[in-house]
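Naming: A, B, ... by sequence-line order, numbering from 1 per chain.
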Amino acid sequence: MHAKVRVQTTINGEPQEFLCEPRQSLLECLRDILGLTGTKEGCNDGNCGACTVLLDDRVVTSCLVLGVEAQGCQITTIEGIAKGSELHPLQRSFLENAALQCGICTPGFIVAAKALLDQQPNPSEDEIRLWLANNLCRCTGYDKIIRAVKQAAEQIQEVNA
Amino acid sequence: MKWFDYAAPASVAEAVGLLTAHPGARLLAGGTDLLVQLRAGRKETDLVVDAKHIPELNTIGYDGASGLTLGAAVPCYRIYKDKNVTGAYPALAEVASLIGGTQIQGRASIGGNLCNAAPSADSVPLLIALRATCRITGPRGSREIAVEDFCTAPGRTVLQPGELLVSLHLPPREPNSGARYLRFIPRNEMDIAVAGAGVQVVLENGRFLSARVALAAVAPTPLFVREAGEALAGSPVEEASIATAAEVARKSARPITDMRGTADYRSHLCAVLTRRALEAAVSRARGKN
Amino acid sequence: MKTQEYTVVGTRPVRHDGADKVTGRALYGADFQMAGLLYGHILRSQHAHARIRRIDTSKAEQLPGVKAIVTAGDFPQTPDRLVDLGEGDTPLSYARGNVLAKGKVLYKGHALAAVAATNVHIAEEAAGLIEVEYEALPCVLTAPEAMQDGAPILHDDLKTKEFGEQTGRVSNVAEHFRHVMGDVNAGFAEADVIVEREFHTATVHQGYIEPHNATALWNNDGRILVWCSTQGSFVVRDVTACLLDVPVSRIKVTPMEIGGGFGGKINVYLEPVAALLSKKTGKPVKIVMSRKDVFEGTGPTPGSYIKVKMGARKDGRITAAQAYMAYEAGAYPGSMVAPGAMCVFAAYDISNVVIDGFDVVVNKPSTAAYRAPGATNAAFAAESVVDEIAEKLGADPLDFRLKNAAKEGTRRADGPKYRRIGCVEVIQAMKNHPHYSAPLGGPNRGRGVAVGFWFNVGLPSSCTISVSADGTVNLVEGSTDIGGTRTSIAMQAAEVLGIPAEDVRPTVVDTDSVGFTAVTGGSRTTFATGWAAYEAAQDVVRQMKERAAKIWETEAASVTLERGVFHSADKRLTFPELAAKLDQTGGPVVGRGAVNPRGVGGSFSGCIADVEVDPETGKVTILRFTSVQDAGKAIHPSYVEGQMQGGSVQGIGWALNEEYYMNEAGSMMNSSLLDYRMPTALDLPMIDTVIVEVPNPGHPFGARGVGEANIVPPPGAIANAIYRAAGVRMNRLPMNPPAIMQAIWSQRD
């Protein structure tokens, strides 16, 4: 009988502890063990970005991270983007710009875009497209997503100014 | 996937011990190749050994006199953010930023890219062109291997049981040198290279002092085309010399036809990419990025 | 509605499910959880064509954690009969066969067996322990090859139907039909220019980011409860009932949010299997497909072989058009060659037409609908030929199309005459757009145009609206929301009631809780379910007027509603004010609508594409792209734009890089999102859109379905642009870099 591993980590600012099998991805642990189903599975091999989370200081596809690797890390998922009941400017901007249709890719895009704006407050269209190339959307053709990210960048800068 | 256990050694010695004791164990750096392969059943393991807590595999060291030491498990996003890398080895920073996409670069490592030993590995041609060497440690001690000798067949390397790649070493950048890796992919990001060319040139008085050319995805392993560099050495820096080298590269390629491209198309691309990479490397050597 | 000025229709409110979707709270099918859940995994064939000699599940059953295994033998063993699952009659054995193979496997990826276990890894491991003995058979992978004498036959009982009659001939051709109008021989004789070309298009997939999923519980009371991501909860109910041989009332389908469909999530794959596993285990069973399973085990769109011949006079009028269209249905009949035939020349007024269509089975996954199914393949062919003819005549590509454009009263070769349509207006809008006349600087660059059509469907929808005391309303409907339709539906109700869109609370409910509602597909949802909401709202208004009349002691006929205010003589009550008085005037007001609308309006779409071709690598860069479409009336313009942009980008992917790369043994080599190359954000420019509004006289707000027509023209436009950029006319999709390079080399030789 194989033994599960205990993992202690921080998710969306809160300490979390769970038991998992080493073969379970961080994505599986988030969704099936911790009930954080906002992070989605699209391909399970790093190609669609729907499972994007922030792991310490960078974005990763959580399908390619093992749950046991989360030991001691800081993880931010889509559930940690809004501040309480207040939506993040990116979330508001996605809604105002109709930057989602089916919405399955949206959590991945928002987490990835937030990471971009946190390190580069005023990205150009090309920089946004390059940063988000690991996130696939099949519904929107990306146009409104790019506009939403740009608008959010502007709004964040206005608030900070 | 079948069950596997997980270990996170804190030293090279501990890692060597684990790999020696468990012949089926596999080293995990970014997981962007290994986890995909385990899930697809293309590889198997009963023990995953995490490389990311071993200091020597996770540091970037640099000094102008001895060059760059790149831990095997350092992820791409740290490589292209490192000021020493962008300053002295801009082509290496570029390669780190074209493997996969942003999220993949948050995990994938150049050491892992090399150890995965795919013929199409994006980092290897440039490492070869930059004269990089591998530091390997195992139960019988450590050894150095030139990168061009590291891969032996698709998915196979010189690593013996119990051995791991600890770090890569790049010599200091020579004056009037420039390097570039160019690959061809059908989209603009995320694809495996259909063909790739990594080059380094050193110029002197309007001539190539030396040059190195290596190719991706056109042979069972990354291909060091010694003859292409030899053809350039001593030649004037001009279109004709570059075209000759590109032709040598094209002739040396032994591509196959698969779902990413036909053999003819890949051969053709070798010439195009080698030429374009050499032109870019020359520009860089002349101080124009 | 007589007035053209709307308060809500045409505005851009934030979608009602927005907060849930941007916070990750919205629950999609794979997110569903319940106590005692088991996880299923499906075993799939490794052969493209083989007899199943033996399936041995004994080793798999012994793996700890495995709770049940099912195969085709677990379906009720009822005699075969014809069933109508929404697209005409099909043998029940075919419908069941695709869900779990019996006797033969017909494509690599064909489902054979399924395991339920305590976790998904164990289920996967167990599936690997199931032993299957195959007798491999030769496979056939393209329509032309499958149509030849001596080709491997997939179904011993499939006999060709030709021109509406059963021929009795066993072959891989399920059907051959022909549309004839006028006299093509006379038409070609009259032509000054004739162009005849052959085209091949590869199999492509809808590419939705969310894999198929389903959870089923065969409950102790005999009811089967299903939770899934689907485009049609009533389709799931009816098909599952049919396959399991139970009355539809025994099944309740609760649709979860859905992560994309584009036609591919109408077919039923997992629900009956999950139900069978649940019956055996007594527990709920959840099955989620892997990405590989999605490629190999669901329904891509047909690859095709198409020949188009067109003739035109010097004066620019097309005199005759002929098409031969052989579409791959995959393992079971039912390719979308018929809609393809409806659309191939649909943009043009041509008197002499012959169209031959062939529905051909091959050893590939059984095809399903993909956004304007059949039309994109056809338009790639037709629009390339039109472009070539225009060039030979020295005519501007858009002027040539205008000269021959379909109008109200134009008859199509498949029979119908157009009512009011916007083909001319769309082409005119393309001509007038700054993109069309913008200079295209630089070498290796070219501009191409194309137009396309989709007829759209009506079909039944139901809706109820109940009024709350605060003047807001609850709207209950059954159309799963793939792209924001709950909002466009709510907006139509809001318009009728005279209240803000935010005051309508739309909910998509299960099959027990709403009247029959057909699929979210066919560009019908905003049109038809919106109409049901419109009717339900009218019913609410009628009842509210009676209440006002009661309060004012007057006749209901004297009460009017204008912009949310009820009037009679000098008396007035706002909607919320009246809503507060419902309790005292007779109780709740609930309105209902149930429609099967006939006034469907087709939609024309056109696009302008600027490309640059690298002459040394064959790589195509899209420099600029404009999509134009007739929406009739854009209920929510942002989501109409979104449909246009999304369809355009799918069309771009189809044109440039997407394909099922099959080896000779019928195995898809690129069944991952790494090598099945859909466009990323870095591969595209902004997609400009122009919404043309030629109101559909058949709809209360003039709406036409917009979801589909926009995917039809892009491959043709891009082919035409590549021709101008690189001097080569491509006749195969995808037009990937090696193909373009080969075309350039061939031309040089």
Return yes if some donor-acceptor pair links the side-chain N/O of [X] with the main-chain N/O of [Y] below 3.5 Å, else return no.
| X | Y | answer |
| --- | --- | --- |
| A/R138 | C/Q206 | yes |
| A/Q91 | C/V22 | yes |
| A/D143 | C/I687 | yes |
| C/R291 | A/G42 | yes |
| C/Y28 | A/G38 | no |

For [X], is it the side chain, the backbone, both, or neither that has a heavy atom closer than 4.5 Å to a heavy atom of chain A?
| X | answer |
| --- | --- |
| C/A26 | backbone |
| C/I258 | backbone |
| C/P64 | neither |
| C/R25 | neither |
| C/T23 | both |
| C/L27 | side chain |

Among [options], which has the most heavy-atom pairs under 4.5 Å with chain A?
| options | result |
| --- | --- |
| C/V649, C/V288, C/I209 | C/I209 |
| C/P211, C/G653, C/G261 | C/P211 |
| C/D683, C/L684, C/V14 | C/L684 |
| C/G646, C/G24, C/A681 | C/A681 |
| C/A19, C/S638, C/G207, C/G484 | C/G207 |
| C/R15, C/H121, C/K21, C/K292 | C/H121 |

(Q) Please determine whether a side-chain nitrogen of the Lys or Arg among A/E96 and C/R12 lies less than 4.0 Å from a carboxylate oxygen of the Asp or Glu. (A) no
Q) Are any of the side-chain nitrogens in C/D31 or A/K40 under 4.0 Å away from the carboxylate oxygens of its partner? A) yes
Q) About how many Å separate OH of A/Y142 and CG of C/L682, when rounded to the nearest 0.5 Å? A) 10.0 Å
Q) Between atom CG of A/N47 and atom OG1 of C/T680, what is the distance when rounded to the nearest 0.5 Å? A) 11.5 Å
Side-chain heavy-atom pair [X], [Y] within 4.5 angstrom cut-off:
| X | Y | answer |
| --- | --- | --- |
| A/Q101 | C/I482 | no |
| C/L674 | A/D45 | no |
| A/D32 | C/Q33 | yes |
| C/E210 | A/E41 | no |
| A/L136 | C/M678 | yes |
| C/N119 | A/E21 | yes |
| C/F262 | A/C139 | yes |

Q) Step by step, would you call C/E125 with A/R23 a salt bridge (Lys or Arg N to Asp or Glu O under 4.0 Å)? A) CA-CA 13 Å; C/E125 230 183 291; A/R23 63 181 166 181; 3.6 Å; yes
(Q) With a sphere of 6.0 Å drawn around CD of A/E86, does it hold more than 12 non-hydrogen atoms of other residues, nucleotides or ligands? (A) no
Q.
Tell me whether the count of non-hydrogen atoms from other residues, nucleotides or ligands lying under 6.0 Å of CE in C/M669 goes above 12.
A. no
Side chain / backbone / both / neither for [X] at chain C, heavy atoms under 4.5 Å:
| X | value |
| --- | --- |
| A/R92 | neither |
| A/I81 | neither |
| A/T140 | backbone |
| A/A50 | side chain |
| A/N44 | neither |

Pick from [options] with the largest number of heavy-atom pairs that fall under 4.5 Å of chain C:
| options | value |
| --- | --- |
| A/H88, A/Q24, A/R31 | A/R31 |
| A/A98, A/C105, A/G141, A/C102 | A/C102 |
| A/C43, A/G49, A/G35 | A/C43 |
| A/T77, A/I110, A/I128, A/L100 | A/L100 |

